[in-house]
Structures are given as C-alpha cells and as structure tokens.
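Following: one structure in structure tokens, then a few remarks.
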Number of protein chains: 2
Amino acid sequence: MGVFSKTCEYAIRSVFFIAHRTADGNRVGIKEIAKGIDSPEHFLAKILQDLSRRGIVQSAKGPNGGFYMDEVGLKRPLSEVVEAVDGKSIFIGCGLGLAHCSETNPCPLHHEFKAIRNQLKDLLEQTTIGHFNESPNLGITKLRK
Amino acid sequence: MGVFSKTCEYAIRSVFFIAHRTADGNRVGIKEIAKGIDSPEHFLAKILQDLSRRGIVQSAKGPNGGFYMDEVGLKRPLSEVVEAVDGKSIFIGCGLGLAHCSETNPCPLHHEFKAIRNQLKDLLEQTTIGHFNESPNLGITKLRK
DNA sequence: AAAATAAAAGAGTTTTTCGTCTTTTATTAA
DNA sequence: TTAATAAAAGACGAAAAACTCTTTTATTTT
C-alpha cells in the first residue's frame with residue numbers, strides 16, 4: 001500500500017505533466033496526458049474532471065481544447081492536490097487507525113508518527129505543482145512507469 | 001488512506017495487546033483481544049491465524065488456549081509485522097506509484113520520499129513488539145478507537 | 001449551419017479490501 | 001471418553017477502489 005491512493009498518484013503525476021506541457025500557454029488533451037504518465041485514459045479523465053471542478057487545473061472543450069494551468073495554478077502546493085483527492089487524513093490521521101488518538105490521548109506511536117507525517121506535510125506544502133518546470137535537469141522526465 | 005492497510009493496523013494493535021497481556025506466561029483469547037483493540041472478531045481471527053503461521057505470535061487450542069508471545073517474539077521489530085501483512089512496498093515503493101523509479105531513474109520526488117520512508121523504516125525496525133511492556137506509563141493504554 | 005473536436009457526465013464492470021458466518025480440528029478437563 | 005473450549009479453516013457477503021464504455025454538451029473551424 002502506497003502513501004497515496006492510486007487515484008492520487010495519477011493526479012499528482014498528471015498535474016506535473018500538465019504544468020510542464022502548458023506553461024507556455026498551450027493545452028494538452030487527455031489522451032496525451034494518459035500516455036505521458038502511463039495511466040488508464042478514462043479513469044484519468046474522471047480524476048481531471050474533479051480537479052477541474054475544484055479549480056486546480058483548467059480545461060477547455062472543443063478543437064484546440066484540453067487541460068492547462070494558469071500562473072496561479074503553477075504556484076499551488078502539491079498538498080492541495082493530495083487533499084482534494086485523498087482528503088486530510090494523511091496529514092492528521094492516526095498511524096494505527098484510532099479515531100480518537102490525539103495529543104492528549106495518544107496511541108503508542110503517536111509522537112513518532114506525527115514527526116514523520118509532518119515531514120510529509122512540509123514536503124507537499126513546499127513543493128508547488130510548477131516546481132519542476134524551473135529545474136530542467138530534474139523533474140518531469142520521469143512520470144511513466 | 002492511512003500508511004498501513006486496516007488489516008495491518010489491526011495486526012499492530014493486536015500484537016501490542018497480546019504482548020502486554022501475555023508477558024507473564026498467560027494466554028489471551030480472540031474475543032478478549034478483539035474487544036481490547038476494537039476490531040471485528042472474525043476478521044482479526046484471520047489476521048492472527050496468519051501471524052501465527054508465520055511464527056510472529058504463538059497460539060494454543062482448547063481450554064486455557066489462546067494467543068501468546070514468547071521472549072523471542074517480544075524482541076521482534078514491528079517491521080516484521082508490517083512486512084508480513086502489507087509487504088515490503090511501504091519501505092521501498094515509489095511515492096508516485098512508478099514501478100521503475102529508482103536511484104538511477106528517480107521520479108521527481110524520489111529523494112524526498114526516500115528520506116521520509118527511511119524514517120518510518122527506522123521507527124518500525126527500532127520499535128519491538130514488546131517495547132511498550134517496559135514503559136508502564138506510555139503504551140498499551142490506548143489501543144481502542 | 002454543419003462537421004469535427006474534446007471535455008463532461010452517466011452508467012456501468014472488475015478487483016481488492018474489509019468483514020461475517022459456519023464448520024472443523026485440536027486440546028483439556030471433568 | 002465425553003463435553004467443553006478455543007483456534008483453524010472454509011465459504012461467503014458487502015463496500016470501496018480502480019477501471020471501462022457510451023452518450024452528451026460545449027466549442028471551434030470550415
């Protein structure tokens with residue numbers, strides 16, 4: 001089991017992909033995205049519909065349509081994508097699945113898990129969707145299986 | 001989505017519970033364990049059958065039977081429980097779900113994820129199943145929802 | 001205005017995870 | 001040696017996640 005759901009993995013990979021391909025103002029279609037990140041096309045379509053409704057990606061129908069991102073979108077943190085798809089639980093949930101685990105009522109591993117979760121939280125908050133557009137050597141090269 | 005599957009959460013909570021209740025040589029039945037950690041009894045039975053087959057917990061049938069742990073078992077790291085139930089993927093898998101992500105072929109977040117995963121790995125390797133038996137104030141008090 | 005394009009929406013199926021229920025087997029104690 | 005106990009095993013059932021296919025709607029270009 002990964003840290004994220006598969007849906008969320010596709011979401012992250014697709015926003016990186018869209019960010020990279022459309023920073024110049026172009027748009028990119030669902031087929032191309034699906035190929036570019038090795039995901040099932042129609043399943044990804046659902047995911048992007050959702051991200052589009054939430055304003056995380058933009059979309060346009062018709063010829064020359066497709067998905068794209070604006071300047072504001074590129075600056076959004078990855079944490080917004082994750083939260084939109086998987087919810088907040090990854091940032092706040094108990095590692096042992098206890099609903100009432102908290103600072104005052106901690107499970108055996110509460111504090112240790114908290115430290116790790118916070119690191120993940122920081123990473124996802126500090127990494128923007130457009131982050132890898134500026135680092136030409138790293139990044140986008142690797143989004144396929 | 002939590003870091004562990006629900007099955008694994010139940011597994012961890014149950015080994016902590018069994019360790020605590022049977023360090024003195026007693027045994028504890030499935031009903032009591034299920035109540036003690038707030039889990040579905042028959043589902044937990046399946047999980048413990050598996051852990052028993054793998055030698056992580058011991059079991060005995062019949063009157064005065066139940067689950068228990070020996071000295072060796074108490075010293076086992078929690079990572080063995082997690083690996084038995086959820087497999088290695090949590091320790092080695094790519095955060096973005098890419099099968100061929102690696103040191104030489106890293107995904108955009110490879111190095112960052114690796115650091116976090118390693119922390120989790122260390123925690124699970126350093127915490128033994130019997131760890132909380134010795135710390136009377138912390139620990140076992142909180143395994144129910 | 002018509003045809004082509006591409007996302008949105010709707011309605012499924014499949015697979016995996018989670019959970020339940022019943023029967024069987026092993027052990028112990030009366 | 002029979003009855004009681006408790007885990008093991010087997011066979012389901014339900015829900016969630018992952019994935020597919022078809023139809024509709026919006027847009028653009030000719």
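Convention: sequence-line order gives letters A, B, ...; per-chain numbering from 1.
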Using atom names, set out every protein N or O paired with an N or O of nucleotides 15-19 of chain D below 3.5 Å, distance rounded to 0.1 Å.
residue: D/dA18; atom: OP1; partner: A/Lys6; partner atom: N; Å: 3.0
residue: D/dA18; atom: OP2; partner: A/Thr7; partner atom: OG1; Å: 2.9
residue: D/dC19; atom: OP2; partner: A/Tyr10; partner atom: OH; Å: 3.1

I'd like a table of donor-acceptor pairs (distance under 3.5 Å, sequence neighbours excluded) in which one partner is a side-chain atom from residues 27-35 of chain A, with atom names and distances.
residue: A/Glu32; atom: OE2; partner: A/Arg21; partner atom: NH1; Å: 2.2

Please identify each residue that fulfils salt bridge (charged side-chain N to carboxylate O under 4.0 Å, His left out) with A/Arg117, with sequence neighbours left out.
-> none
Using a cut-off of strictly less than 4.0 Å between a heavy atom of the residue and any atom of DNA chain C, enumerate the qualifying residues of residues 80-100 of chain B by number.
-> none
Compare every heavy atom of B/Ser79 with every heavy atom of B/Glu125, then report the nearest pair and how far apart it is.
-> CG-OG, 3.5 Å
Do A/Tyr10 and A/Val85 come close enough that some side-chain heavy atom pair is under 4.5 Å?
-> no
Which heavy-atom pair separates B/Thr128 from B/Lys75 by the least distance, and what is that distance?
-> CG2-O, 3.5 Å
Does B/Lys145 offer a backbone N or O that forms a donor-acceptor pair with the side chain of A/His100 under 3.5 Å?
-> yes
Taking 5' to 3' order, which nucleotide of DNA chain C is first and which is last to have an atom within less than 4.0 Å of a heavy atom in chain B?
-> C/dC18 to C/dA29
ILVMFWY cluster, A/Ile12 and A/Tyr68 together (side-chain gap under 4.5 Å) = no
B/Gln126 side chain reached by B/His131 side chain, heavy atoms, under 4.5 Å | no
Verify, without hydrogens or angle tests, whether A/Asp70 (side chain) and A/Gln58 (backbone) share a donor-acceptor contact under 3.5 angstrom.
-> no
Side-chain (A/Ser14) to main-chain (A/Ala11) donor-acceptor, under 3.5 angstrom | yes
For A/Leu143 and A/Phe16 the tightest heavy-atom approach is CD1-CB, 3.9 Å
Using 4.0 Å as the upper bound for N to carboxylate O, is an ion pair formed by A/Arg54 and A/Asp50?
-> yes
Selection: residues 51-68 of chain B, any non-hydrogen atom under 4.0 Å of DNA chain C | B/Lys61, B/Gly62, B/Pro63, B/Asn64
Could you give the NE2-to-C1' distance, from B/His42 to D/dA14, as a whole number of Å?
-> 16 Å
